[in-house]
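Written below as structure tokens is the structure these notes are about.
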Protein chains: 2
Amino acid sequence: METGDHNMAARRRTNGNTESVDNYLKAILYLGGAEESRVTIKALAGRLSVAPASVTNMLQKLAGSPAPLVEYERHRGVRLSSAGKRRALEVVRHHRLIETFLYQVLDYPIEELHEEAERLEHFISERFEQRIAAKLGNPRIDPHGHSIPTMEGEMPEGERPARESILLADVVGDGTFVIDSISDRDAHSLRSIEACGITPGARLRVRKSASSEGYSVRTGRSSKVFDLSREVARDVRVVRLPK
Amino acid sequence: METGDHNMAARRRTNGNTESVDNYLKAILYLGGAEESRVTIKALAGRLSVAPASVTNMLQKLAGSPAPLVEYERHRGVRLSSAGKRRALEVVRHHRLIETFLYQVLDYPIEELHEEAERLEHFISERFEQRIAAKLGNPRIDPHGHSIPTMEGEMPEGERPARESILLADVVGDGTFVIDSISDRDAHSLRSIEACGITPGARLRVRKSASSEGYSVRTGRSSKVFDLSREVARDVRVVRLPK
DNA sequence: TCCTATAGTTAGGTATACCTAATTTGGAAG
DNA sequence: CTTCCAAATTAGGTATACCTAACTATAGGA
């Protein structure tokens, strides 16, 4: 006479943070909802590639639970609760540690880091997180130049992307810059960016060409000059150096 | 006027192999449904901790798809199709490679391998699989002594657990044995098994004690004698050595 | 052979996380 | 102060993967 421990599986999914919830929290964090400002349903829907109605639904659930992950008021947008912020930063930490690990230990090509990390970040255990962090010597920066949140769920000092960094695409006039960070989202750009020797911390000289739409760019290492498209320049953040 | 690439997420889940499907395939493989013999709905339900009705439902879907993963006939049980067998072995390969990787590269304690691998096996990419396999030197055996299926989706020569291996619990009389493999499922047993020095490939002498219910066991390395409970002896497979 | 117990199936329902379409709201512009 | 529009919400529906309860089929014992 089996008792039948059925509906275990169901329960597991019901309680814990799902992949989907993680992605909502990350999106809110990304859009600025970790501070005072509230994030708009439309913006969230856009970032998540989901209908606005779905966002409203999900937020109502997240806000209405016993330990809410977000603060949400009808028609007034959302922001993260402190629990929500903690979880969001944990997932970001996972993402960036995994990227660093794949790059340094498993020799992944840079343009494949994001996709793999995006999947795995939701499923690794506390132990896995700690072991790879230890193996890597507790890094503070990932291969794209982004800060890795601490184990305690906070952004470390000297956060990257730095507040004062700007998009390479928004640079006005010529000058010398330090490369702050590179967006990890567009695999295609990453290929050409790496090919130019553009890497976080490197120096870079810009001379805007009148003729082409792009950027003439010289990195420290090679003294070659590369032409970057406007497209690609939107994936690179830089900090201007004093002359 | 946004076109809205909504229902992408939905579609992604709909097509691909889900975690759940993987687990059904693995269970059928484990229960012997890779060969001629058919597996019973009840056995599957038991192994998956799911109601028999749920199994019937799932199998109908798996059998009815354009590229069926199982062969299923009402009231006559189920077995894997060749595509299903390939996928099942791929997942097992993932599982065992991940365990080996966690053990050798990330220094996981042996009793925590299974749980982490069980989660991650569904989500790693082809590339991840290949990179860790390469890093480990394309191992053929995992830390529990189980064969790792090949990249082509086949069990290698000299399969482990070996056909002729038996449970330590089923050993009749005294003798000397080679340890074939150890079940990875019970974390608690694994602790005490490792503490005895029981490890795949090691030699082991058994003397059954009349008094206790357990086994008196001496491994090659230490000349200490350990008492193993009947419980734990059911997690160890051995092959008898000629005297 | 028949008949019942057990295995398997069907029917109907839950929760998640999406969708579209219809409706409501709130703030900016006249 | 009203109007109107974009943003947000509600209502109702889909698919997945589970469940329970009720029904059916099959195989083995009398």
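Naming: A, B, ... by sequence-line order, numbering from 1 per chain.
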Of the options [options], whose atoms approach the side-chain atoms of [X] most closely?
X       : options               : value
A:Lys42 : D:dT10, D:dA8, C:dT9  : D:dA8
B:Thr56 : C:dT9, D:dA7, C:dT20  : C:dT9
A:Val50 : C:dA17, C:dC19, D:dT9 : C:dC19

Looking at [X], I'd like to know whether one of its side-chain N or O atoms comes within less than 4.0 Å of OP1 or OP2 on [N].
X       : N      : result
A:Ser20 : C:dT16 : no
A:Arg74 : D:dT10 : yes
B:Tyr24 : D:dT16 : no
B:Thr40 : C:dG8  : yes
A:Ser54 : C:dC19 : yes
B:Tyr72 : C:dT9  : yes

Tabulate below the donor-acceptor pairs under 3.5 Å that side-chain atoms of residues 113-120 of chain A make, not counting sequence neighbours, or state none.
{"unit_1": "A:His114", "atom_1": "ND1", "unit_2": "A:His95", "atom_2": "NE2", "d": "3.3"}
{"unit_1": "A:His114", "atom_1": "ND1", "unit_2": "A:Asp184", "atom_2": "OD2", "d": "3.1"}
{"unit_1": "A:Glu116", "atom_1": "OE1", "unit_2": "A:Tyr108", "atom_2": "OH", "d": "2.8"}
{"unit_1": "A:Glu116", "atom_1": "OE1", "unit_2": "B:Ser125", "atom_2": "OG", "d": "2.4"}
{"unit_1": "A:Glu116", "atom_1": "OE2", "unit_2": "A:Arg119", "atom_2": "NH1", "d": "3.3"}
{"unit_1": "A:Glu116", "atom_1": "OE2", "unit_2": "B:Ser125", "atom_2": "N", "d": "3.1"}
{"unit_1": "A:Glu116", "atom_1": "OE2", "unit_2": "B:Ser125", "atom_2": "OG", "d": "3.3"}
{"unit_1": "A:Glu118", "atom_1": "OE1", "unit_2": "A:Lys26", "atom_2": "NZ", "d": "3.2"}
{"unit_1": "A:Glu118", "atom_1": "OE1", "unit_2": "A:His95", "atom_2": "ND1", "d": "3.4"}
{"unit_1": "A:Glu118", "atom_1": "OE2", "unit_2": "A:Lys26", "atom_2": "NZ", "d": "3.0"}
{"unit_1": "A:Arg119", "atom_1": "NH1", "unit_2": "B:Phe123", "atom_2": "O", "d": "2.3"}

[atom1] of [X]: more than 12 outside heavy atoms within 6.0 angstrom?
X        : atom1 : result
B:Gln60  : CD    : yes
A:Glu231 : CD    : no
A:Arg234 : CZ    : no

Atom pair distance, as rounded to whole Å: [atom1] in [X] and [atom2] in [N]:
X       : N      : atom1 : atom2 : value
B:Arg38 : C:dG8  : CZ    : P     : 12 Å
B:His75 : D:dT24 : NE2   : C1'   : 7 Å
B:Ile41 : D:dA27 : CD1   : C1'   : 16 Å
B:Glu19 : D:dT16 : CD    : C1'   : 13 Å
B:Arg76 : C:dT9  : CZ    : P     : 12 Å
A:Leu44 : D:dT9  : CG    : C1'   : 15 Å
B:Leu25 : D:dA17 : CG    : P     : 12 Å

**OP:** Could you walk me through whether B:Arg131 and A:Asp107 pass the salt bridge (Lys or Arg N to Asp or Glu O under 4.0 Å) test, one step at a time?
**Re:** CA-CA 8 Å; B:Arg131 293 287 155 126; A:Asp107 293 316; 5.5 Å; no

Original post:
Salt bridge check: are B:Glu90 and B:Arg93 linked by an N-O gap of less than 4.0 Å?
Top reply: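 Salt bridge between B:Glu90 and B:Arg93, a charged N being under 4.0 Å from a carboxylate O: no.
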
Original post:
Going by number, which of residues 57-65 of chain B have a non-hydrogen atom under 4.0 Å from DNA chain C?
Top reply: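 Result for residues 57-65 of chain B: B:Asn57, B:Gln60, sorted by number.
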
Original post:
Checking side chain to side chain contact (heavy atoms under 4.5 Å, CB included) against B:Val91, which of B:Asp22, B:Leu29, B:Asn23 comes through?
Top reply: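 Of the listed residues B:Asp22, B:Leu29, B:Asn23, the side chain to side chain contact (heavy atoms under 4.5 Å, CB included) partner of B:Val91 is B:Asp22.
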
